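Here's the structure we're looking at; comments come further down.
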2 protein chains.
Amino acid sequence: MTSRGLPADKVRAADALVRLLSARGETLAVAESLTGGLVAAEITSVPGASKVFRGSVTAYATELKRDVLGVDGTLLEERGAVDPEVARQMADGVRSVLGADWGIATTGVAGPEPQDGRPVGTVYVAVSGPDVESMRGYAVGGARGKVAALRLNGDRSEIRMESVRSVLTLLLERLSGERSGNGRAQDTEQNGGN
Amino acid sequence: MTSRGLPADKVRAADALVRLLSARGETLAVAESLTGGLVAAEITSVPGASKVFRGSVTAYATELKRDVLGVDGTLLEERGAVDPEVARQMADGVRSVLGADWGIATTGVAGPEPQDGRPVGTVYVAVSGPDVESMRGYAVGGARGKVAALRLNGDRSEIRMESVRSVLTLLLERLSGERSGNGRAQDTEQNGGN
């Protein structure tokens with residue numbers, strides 16, 4: 001553990017993001033649920049983050065996902081907050097509300113209890129960006145955006161930290177034009193070995 | 001260091017807050033600048049935080065303090081973002097925008113560079129709550145709210161962590177009706193010994 005609270009490789013993901021976005025002259029906004037501020041904290045641990053980081057919204061109460069981030073209220077009622085389309089709309093919403101080029105989002109169940117009928121470790125992370133509409137391979141339900149479904153192991157702290165790593169990696173991959181070997185990111189399943 | 005990323009005594013402050021607010025049936029919202037998500041992350045590290053924690057806004061870009069949290073734009077232009085009245089308005093604003101009983105806020109300079117003419121380590125933390133209007137001893141400029149001015153030592157990470165501890169302690173003291181021995185909280189100067 002470093003003084004920033006995450007292992008060194010995770011710190012480097014945030015460092016790489018800040019460096020990459022700075023070079024591109026682009027900005028980032030973050031919407032969080034289960035990570036509860038950790039994604040934003042990780043990005044702002046990097047000196048110079050203010051060049052690229054606009055800000056974040058932690059929408060912990062479900063209705064704030066609707067009221068602040070603009071997630072569809074019927075969707076939230078029907079599927080609950082732990083849902084890939086909710087993650088996508090959170091990323092879209094925070095990008096719009098905070099006026100950033102890129103939006104990233106996390107929603108899921110950190111535990112110790114299940115939530116909305118989903119087991120602990122069910123996590124969705126999403127990226128919304130200026131050109132994702134053209135990325136048909138990553139499209140979810142025909143809408144723009146990129147969502148990864150995760151099934152993580154570990155305790156509350158480990159699930160949250162692995163979610164941070166996953167959403168930063170999702171954006172890093174998107175920025176560097178890489179794709180995982182697992183086909184559609186939507187279908188990716190990972191185990192958080194920590 | 002614990003797996004939550006802060007020393008044990010800081011974890012306990014968040015634990016105590018969640019326990020205390022749960023018992024009172026009250027909710028909390030967080031507005032962050034230099035801490036960049038760390039305050040929210042610290043609170044949500046506590047299992048059961050969802051009972052009391054509504055959410056947070058990290059308004060890293062100065063104009064988001066105005067556009068999202070409702071901080072006075074003229075104030076921001078005239079004094080910059082690192083200012084006790086800005087901290088107070090951030091706490092008021094997030095309490096209102098996220099619909100919570102209590103709002104807490106941080107603004108300051110984590111470094112490595114000075115900001116808005118303020119040296120590294122200049123930090124203001126604020127609390128806004130349902131009954132602070134009657135606390136004349138803590139009033140700032142006649143308005144409701146409680147603001148503490150800090151002058152912290154250390155590197156970027158240490159200044160951020162000490163700011164987290166300070167704002168959690170400010171709310172804890174307020175909830176438990178305690179006052180520091182330093183008179184008006186507004187005038188309190190602390191050194192972050194870490």
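All values derive from a computational prediction rather than experimental measurement. Reckoned from all heavy atoms, side chains included, excluding hydrogens, waters and symmetry mates. Proteins get letters first, then strands, A, B, ... in listed order; numbering begins at 1 in each.
Judged by distance alone, with hydrogens and angles left aside, the side-chain atoms of B:Glu32 form a donor-acceptor pair with the main-chain N or O of B:Val39 at under 3.5 Å. Between the A:Thr122 side chain and the A:Arg118 main chain, no donor and acceptor come within less than 3.5 Å of each other. Remark: the backbone N or O of A:Val109 is not paired with any side-chain donor or acceptor of A:Arg156 at under 3.5 angstrom.
Interface remark: B:Thr35 contributes backbone atoms only to the contact with chain A (heavy atom separation under 4.5 Å). When heavy atoms are compared at a cutoff of 4.5 Å, B:Arg54 approaches chain A by way of both its backbone and its side chain. Proximity to chain B (any heavy atom under 4.5 Å) is restricted, for A:Glu63, to the side chain, taken from C-beta onward. Contact of B:Leu64 with chain A is made through the side chain alone, with heavy-atom distances under 4.5 Å. Using a 4.5 Å cut-off between heavy atoms, B:Val57 contacts chain A through both its backbone and its side chain.
Paired with B:Trp102 under the rule side chain to side chain contact (heavy atoms under 4.5 Å, CB included), one option of B:Val94, B:Leu17, B:Val52, B:Leu175 passes, and it is B:Leu175.
Taking A:Thr58, A:Val68, A:Ile43, A:Thr27 one by one and counting their heavy-atom pairs under 4.5 Å with chain B, the maximum is reached by A:Thr58. Between chain A and the residues B:Gly36, B:Ala61, B:Gly55, B:Ser33, the largest count of heavy-atom pairs under 4.5 Å involves B:Gly36.
Going from atom CE of B:Met161 over to atom CG of B:Asp155 covers 9.0 Å, rounded to the nearest 0.5 Å.
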For residues 69-79 of chain A, tabulate all N or O donor-acceptor pairs below 3.5 Å that involve a side-chain atom, not counting sequence neighbours.
| from | atom 1 | to | atom 2 | distance (Å) |
| --- | --- | --- | --- | --- |
| A:Asp72 | OD2 | A:Thr74 | N | 3.3 |
| A:Asp72 | OD2 | A:Leu75 | N | 2.8 |
| A:Arg79 | NH1 | A:Asp83 | OD1 | 3.4 |
| A:Arg79 | NH1 | A:Asp83 | OD2 | 3.4 |

